[in-house]
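Side chains included, hydrogens not; waters and symmetry mates left out as well; all remaining heavy atoms used.
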Amino acid sequence: MDTQNSLFSLFCFFLVCFFSGEQEVVEGTRLPWTSSPFGFRPKMLFVFGDSYADTGNTKIAETRSWKFPYGITFPGKPSGRFSDGFVSTDYIAGYLGMKTPIPYRWREQLSERVKDGLNIAYGGTGVFDTMVAEPNMTTQIDFLQQLLHDSVYTKRNLKTSVAFVSVAGNDYATYKAKNGSAQDFPAFIESFMNQLMVNLKRIHDMGVRKIGITSLVPLGCLPRNTAPFSFQHCDDTYNALVDLHNQLLPQVVNTLNQQTNTSDNPSFFILDLYNAFWIVFNRNETYKGNGPTFEKPFEPCCFGVSGGFKCGNVDENGENKYTLCSDPRSKFFWDGVHPTEQGWYVVYKTPAFQNSLKQFYGLT
């Protein structure tokens with residue numbers, strides 16, 4: 001895929017952050033406040049990506065999402081979700097009128113539930129290998145391919161399914177952590193977009209009817225990036241990277257729809273997290289949702305007491321090395337990277353995200 005040189009004028013070198021990532025699966029949750037659209041109603045949902053979508057795949061030893069206080073809102077204890085409760089996957093499933101698909105790691109213990117699809121997303125992962133020892137997106141798709149080979153699913157089954165693909169920025173964090181240069185970054189982001197295109201087409205070629213991929217959220221507005229500014233404003237350098245990514249992503253989607261001869265009835269869609277986040281941050285007056293606004297949207301509920309600690313960290317004596325707000329519902333962000341359950345709900349209800357969901361499921 002050719003990349004227009006003019007786009008790279010947006011780019012200045014950056015530092016982006018990781019979306020890393022008593023074990024018990026919380027399976028099959030249907031949200032009470034969501035309902036299925038009256039258009040195309042899939043029978044299965046497959047989820048790929050990272051911690052914005054993971055509902056329990058990442059190993060306990062690899063992540064804080066299996067430690068208190070994660071999960072304090074739902075289900076009341078850690079469940080592997082990177083939040084106090086529900087995450088994006090739960091709301092996507094709820095929009096379809098479906099239960100949240102079970103994590104891939106529980107496919108054998110809960111084999112009766114694989115008929116609803118699977119969540120194959122792993123916290124901290126990316127399109128390429130990242131700094132966490134979990135399956136990248138190519139390997140996640142390989143898992144689904146193997147299930148087809150093993151006749152757990154058939155291609156005919158998958159024609160009644162949709163896929164949700166979360167891309168939250170871990171590849172860019174890894175590029176910087178490995179001392180990638182500003183000079184080489186244009187080639188890196190082009191290779192990223194090319195590999196993303198290959199991945200999305202593979203999902204489609206297995207029979208999945210519609211595939212929604214998230215736009216990149218404003219990374220410069222994540223709490224770990226606004227902390228140096230006392231959580232008062234975003235880092236424009238980070239957000240310049242986001243602008244570049246989000247300008248290239250539609251080229252990927254348009255090319256895929258052309259290659260698969262689905263331009264008139266598209267198979268590939270962008271789910272607009274970027275503008276949904278900005279609506280919440282700006283408390284846009286056009287937003288008439290039922291959810292709250294947040295007085296300090298960049299300030300998280302749970303955060304490390306100093307730069308060396310994160311939400312959920314304890315010292316050798318078991319003392320908490322994080323602060324925790326009294327009510328997660330009052331905060332948009334849960335920790336340094338991830339929204340609260342309430343934050344995800346408000347994002348889900350924004351016009352930007354609702355409109356992209358309607359396009360995804362053919363209601364516009």
Side-chain angles (χ1 to χ4, degrees), residues 17-22 24 26 29-34 50-56 58 63-94 100 121 123 166 168 217-219 221-227 230-232 234 273 276-283 287 289-306 309-314 319-350 353:
C17 53
F18 282 103
F19 291 75
S20 61
E22 67 277 2
E24 179 180 349
V26 177
T29 304
R30 179 181 282 122
L31 303 186
W33 54 80
T34 52
D50 45 50
S51 59
Y52 272 18
D54 187 0
T55 56
T58 309
T63 181
R64 294 167 288 116
S65 65
W66 285 104
K67 297 178 174 62
F68 183 85
Y70 288 80
I72 60 172
T73 300
F74 173 84
K77 57 185 176 182
S79 68
R81 287 170 170 82
F82 289 77
S83 185
D84 64 307
F86 293 125
V87 296
S88 62
T89 298
D90 299 298
Y91 291 100
I92 296 290
T100 298
S166 173
V217 304
L219 299 179
C221 302
L222 302 182
R224 65 181 298 172
N225 296 331
T226 62
S230 301
F231 306 114
Q232 295 299 309
C234 303
L273 281 184
F277 271 53
W278 273 119
I279 287 173
V280 177
F281 295 155
N282 294 331
R283 298 191 296 276
Y287 171 51
N290 296 323
T293 57
F294 302 94
E295 285 189 18
K296 298 179 179 179
F298 309 133
E299 185 177 84
C301 177
C302 185
F303 206 65
V305 296
S306 64
F309 298 101
K310 300 177 181 178
C311 178
N313 286 160
V314 297
E319 181 181 350
N320 293 341
K321 305 305 290 184
Y322 58 88
T323 59
L324 183 66
C325 69
S326 60
D327 182 8
R329 293 173 300 178
S330 68
K331 299 294 185 181
F332 177 75
F333 281 109
W334 166 245
D335 59 14
V337 173
H338 309 93
T340 59
E341 173 181 298
Q342 188 79 329
W344 277 122
Y345 174 69
V346 175
V347 163
Y348 167 78
K349 295 294 288 184
T350 60
F353 202 68

I'd like to check [X] versus [Y] (side-chain heavy atoms, cut-off strictly below 4.5 Å). Are they in contact?
| X | Y | result |
| --- | --- | --- |
| Asp84 | Tyr70 | no |
| Val217 | Trp278 | no |
| Thr58 | Phe82 | yes |
| Tyr322 | Pro69 | yes |
| Ile72 | Trp334 | yes |
| Phe231 | Pro223 | yes |
| Tyr91 | Tyr345 | yes |
| Gln232 | Thr226 | no |

Can you tell me how far apart [atom1] ([X]) and [atom2] ([Y]) are? Round to the nearest 0.5 Å.
| X | Y | atom1 | atom2 | value |
| --- | --- | --- | --- | --- |
| His338 | Cys311 | NE2 | SG | 10.5 Å |
| Phe353 | Tyr348 | CZ | OH | 8.5 Å |
| Cys325 | Phe303 | SG | CZ | 13.0 Å |
| Asp335 | Ser83 | CG | OG | 7.5 Å |
| Thr89 | Asp54 | OG1 | CG | 8.0 Å |
| Glu299 | Lys331 | CD | NZ | 3.5 Å |

Task: Centroid-centroid distance, Trp344 to Tyr52, less than 6.0 Å - done: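 Yes, close enough.
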Task: Validation row, ring centre Phe298 to ring centre Phe332 under 6.0 Å - done: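 Not under 6.0 Å, so no.
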Backbone of [Y] reached by a side-chain donor or acceptor of [X] within 3.5 Å:
| X | Y | result |
| --- | --- | --- |
| Asp50 | Ala168 | yes |
| Gln342 | Thr340 | no |
| Glu341 | Gly85 | no |
| Ser65 | Gly80 | yes |
| Asn282 | Ile279 | no |

Looking only at heavy atoms, what is the nearest atom pair of [X] and [Y], with distance?
| X | Y | value |
| --- | --- | --- |
| Leu222 | Gly336 | CB-O, 3.7 Å |
| Ala276 | Thr350 | CB-OG1, 3.2 Å |
| Phe294 | Ser330 | CD2-O, 3.4 Å |
| Cys221 | Phe333 | O-CE1, 3.6 Å |

Open item on the list: Taking atom NZ as the centre, does Lys67 end up with more than 12 heavy-atom neighbours from other residues, nucleotides or ligands that are less than 6.0 angstrom away?
Closed with: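 Above 12, so yes.
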Open item on the list: Go through it in stages, so that I can follow the logic: the residues are Arg81 and Asp90, the test is salt bridge (Lys or Arg N to Asp or Glu O under 4.0 Å), and I'd like the CA-CA distance, side-chain angles, deciding distance and then a yes or no.
Closed with: CA-CA 10 Å; Arg81 287 170 170 82; Asp90 299 298; 2.9 Å; yes
Task: Intermediate values then yes/no, side-chain contact (heavy atoms from CB on, under 4.5 Å), Val314 and Phe68 - done: CA-CA 10 Å; Val314 297; Phe68 183 85; over 6 Å; no
